Amino acid sequence: QAQLVESGGGSVQAGGSLNVSCTVSGRTFSIYAMGWIRQAPGKEREFVSLISSPGDGTYYADSVKGRFTLSRDSAKDAVYLQMTSLKPEDTAVYYCALTSKNIPPSTPDDLVRWFDYWGQGTQVTVSS
């Protein structure tokens, strides 16, 4: 079991920045990777970014590469997503997620299903 709690998010104008954070509690297993998934109104969930163990390697969706930065504090079981140069199309509910599965999926399209545990989500709204 694990509980994930997101914080941060909010509203910003296009070109602005926001940060979202996620902390994990109550876990009874090793975390292989943590990341962020987002879901815009009327759309399917979309992979955003992940950070994996060991080594804290990061991976980003093409749509956010160069604008978003994911970092991790393993001692606190927390991850932090810094979002810059935000665009209206970044508007979505952002979910923190983690997986204990140490074999990544073979295609990026399967990344969303790879995650086992999810937070409740936090809203990010970018206005034009």
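From a predicted model like this one, the values you see are computed outputs, not experimental measurements.
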Q: Would you please test D62 and K65 for salt bridge (charged side-chain N to carboxylate O under 4.0 Å, His left out) and show each step?
A: CA-CA 5 Å; D62 288 342; K65 200 173 295 182; 3.0 Å; yes
Q: Enter the distance from Y95:OH to Q39:CD here, rounded to the nearest 0.5 Å.
A: 5.5 Å
Q: Indicate yes or no for a side-chain donor-acceptor contact from T122 to the backbone of G8 under 3.5 Å, with no hydrogens or angles considered.
A: yes
**Q.** Pair S53-R72, side-chain contact (heavy atoms from CB on, under 4.5 Å): steps then yes or no
**A.** CA-CA 10 Å; S53 304; R72 176 176 183 170; 2.9 Å; yes
Q: Examine distances only and state if a side-chain atom of Q1 and a backbone atom of T28 form a donor-acceptor pair shorter than 3.5 Å.
A: no
**Q.** S74 to D56 - nearest heavy-atom pair and separation
**A.** OG-OD1, 4.5 Å
Q.
Just verifying a value: how many Å separate K76 NZ and S25 OG, rounded to the nearest 0.5 Å?
A. 15.0 Å
Q: Please report the closest heavy-atom contact between S30 and S100, naming both atoms and the distance.
A: O-CB, 3.5 Å
Q) Does any N or O in the side chain of E46 come within less than 3.5 Å of the main-chain N or O of R38, such that one atom is a donor and the other an acceptor? A) no
**Q.** Nearest heavy-atom neighbours spanning A40 and A92
**A.** N-CB, 3.7 Å
Q | Donor-acceptor contact present, side-chain S85 to main-chain G15, <3.5 Å | A | no
**Q.** In one Ile/Leu/Val/Met/Phe/Trp/Tyr side-chain cluster, 4.5 Å: W118, Y32
**A.** yes
(Q) Applying side chain to side chain contact (heavy atoms under 4.5 Å, CB included), can you list everything that pairs with T84, at least two apart in sequence or on another chain? (A) S17, R67
**Q.** Nearest non-hydrogen partners of S127 and P88, listed with the distance
**A.** C-CG, 4.5 Å
Q) Is it true that atom CD of Q13 has more than 12 heavy atoms of other residues, nucleotides or ligands lying nearer than 6.0 Å? A) no
Q: Supply the members, apart from V20, of the Ile/Leu/Val/Met/Phe/Trp/Tyr cluster built from side-chain contacts under 4.5 Å; use none for a lone residue.
A: L4, V12, L18, V24, F29, I31, M34, W36, V48, I51, Y60, V64, F68, L70, V79, L81, M83, L86, Y94, L98, Y117, V124, V126
Q: Please name the pair of heavy atoms, one in L50 and one in W114, separated by the smallest distance, quoted to 0.1 Å.
A: CD2-CZ3, 3.8 Å
Q | Whether over 12 other heavy atoms sit under 6.0 Å from Q123 CD | A | yes
Q) Taking atom CG of D73 and atom OH of Y80, what is their separation to the nearest 0.5 Å? A) 4.5 Å
Q: List for me each residue that meets side chain to side chain donor-acceptor pair (under 3.5 Å) alongside K43, sequence neighbours excluded, and say none if there are none.
A: none
Q | Residue pair S52 / Y59, side-chain heavy-atom distance below 4.5 Å | A | no
